[in-house]
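Worksheet for the structure shown next.
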Amino acid sequence: MSSNTVARTVRRRTLRAAAVALVAVAGLTLTACNDSDANASKPAASAGSNSADSATGAKGSDGSGAKGSDAKVGTESGAADATASPDRTETLADGSTGEIYELGEQHYRLKIVNDGDVLATFEANGEDAGLDANGMYVVLTMGGEVQSWMGDEHQAPGTFKLAGGWTAKVTKVGEAQYRAEIIGHGDVMGTMEANGHDAGLDANGVYIVLSTRGVISAHE
């Protein structure tokens with residue numbers, strides 16, 4: 001295949017992906033979750049794969065809502081991280097420490113550290129990011145807020161009531177791939193998709209993680 005043909009194919013795929021994203025978020029006021037890098041295991045909560053190639057969240061009757069996209073988890077971070085000091089730290093739900101780094105406008109990195117070991121690193125860059133750490137769920141917002149919790153799990157497939165009055169209809173799409181329709185007031189307001197990486201979002205103060213193992217959990 002020629003380089004021109006490849007370029008045209010990539011442009012067509014990019015346009016199709018953009019069109020799908022525009023349709024998904026139409027009429028919604030959203031905050032989101034973004035890509036990050038890492039791969040982790042830890043004692044109390046081994047970090048699972050972090051998910052979602054794209055995800056949109058939901059809005060309430062006042063027209064507000066949330067959107068999520070993907071985040072990856074891992075053990076490696078840039079060389080600059082080795083010497084950088086976090087802007088602040090927080091104790092997470094499983095007792096580990098979350099180190100928060102402000103990298104730019106609406107761009108934050110979270111390191112999960114236990115006994116000096118970096119167990120996972122992921123970023124929110126213009127969108128929210130989420131992680132299923134095998135029983136501990138973490139959302140990092142694009143404003144640098146960190147929320148973590150344990151429990152409130154629902155195993156797909158099925159339709160589940162979530163915190164904040166949301167309902168999620170979760171289906172298995174493929175191997176390590178799940179999709180959640182986020183429903184409010186009887187209408188589908190958006191979708192989350194965990195496809196090789198977990199998805200997370202901040203739905204106006206209700207934090208949701210959908211994992212590649214088919215678990216959805218929410219917290220407010």
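Below, each value reflects all heavy atoms present in this structure, side chains not excepted, and no hydrogens, waters or symmetry copies.
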Distance in Å, [X] [atom1] paired with [Y] [atom2], rounded so as to fall on 0.5 Å steps:
X: Lys111; Y: Thr121; atom1: NZ; atom2: OG1; value: 6.0 Å
X: His154; Y: Thr159; atom1: NE2; atom2: OG1; value: 11.0 Å
X: Phe160; Y: Gln155; atom1: CZ; atom2: CD; value: 7.5 Å
X: Asn204; Y: Glu220; atom1: CG; atom2: CD; value: 11.5 Å
X: Glu193; Y: Tyr178; atom1: CD; atom2: OH; value: 12.5 Å
X: Thr191; Y: Lys169; atom1: OG1; atom2: NZ; value: 13.0 Å

[X] side chain near [Y] side chain, heavy-atom distance below 4.5 Å:
X: Leu201; Y: Met192; result: yes
X: Val139; Y: Val209; result: yes
X: Ile112; Y: Val118; result: no
X: Tyr108; Y: Asn125; result: no

- Using a distance-only test with no angle check, is there a side-chain donor-acceptor pair under 3.5 angstrom linking Asp132 and Ser211? yes
- Message: For a quick check under 3.5 Å, do His107 and Glu123 share a side-chain donor-acceptor pair by atom type?
- Response: yes
Looking at every non-hydrogen atom in both residues, tell me the closest pair between [X] and [Y] and how far apart they are.
X: Tyr137; Y: Arg213; value: OH-NH2, 3.3 Å
X: Glu145; Y: Tyr207; value: OE2-OH, 2.7 Å
X: Thr212; Y: Ala194; value: N-CB, 4.0 Å
X: Met189; Y: Trp166; value: CG-CZ3, 4.4 Å
X: Thr89; Y: Pro86; value: CG2-CG, 3.9 Å
X: Ser217; Y: Gly151; value: OG-O, 2.8 Å

- Would Met150 and Asp94 count as a side-chain contact (heavy atoms from CB on, under 4.5 Å) if you check the C-alpha gap in whole Å, the side-chain angles of each, and the deciding distance to 0.1 Å? CA-CA 8 Å; Met150 303 178 78; Asp94 69 346; 4.2 Å; yes
- Message: Quick check on side-chain contact (heavy atoms from CB on, under 4.5 Å): which of Ile183, Val188, Ile182 does Thr167 satisfy it with?
- Response: Ile183
- Message: Determine whether Val146 and Ile100 satisfy the following criterion, side-chain contact (heavy atoms from CB on, under 4.5 Å), listing intermediate values before the conclusion.
- Response: CA-CA 8 Å; Val146 176; Ile100 299 97; 3.7 Å; yes
- Message: Does the plane of the ring in Trp149 sit parallel, tilted or perpendicular to the ring in His219? Use 30° and 60° as the thresholds.
- Response: parallel
- Message: Working note: Ile208 + Leu162, criterion side-chain contact (heavy atoms from CB on, under 4.5 Å); need CA distance, chi angles, decisive distance, verdict.
- Response: CA-CA 9 Å; Ile208 306 173; Leu162 303 181; 4.1 Å; yes
- Would you confirm whether Ser148, through its side chain, and Ala93, through its main-chain N or O, come within 3.5 Å as a donor-acceptor pair? yes
- Message: Whether Arg179 and Glu181 form a salt bridge (side-chain N of Lys/Arg under 4.0 Å from carboxylate O of Asp/Glu) is what I want to check.
- Response: no
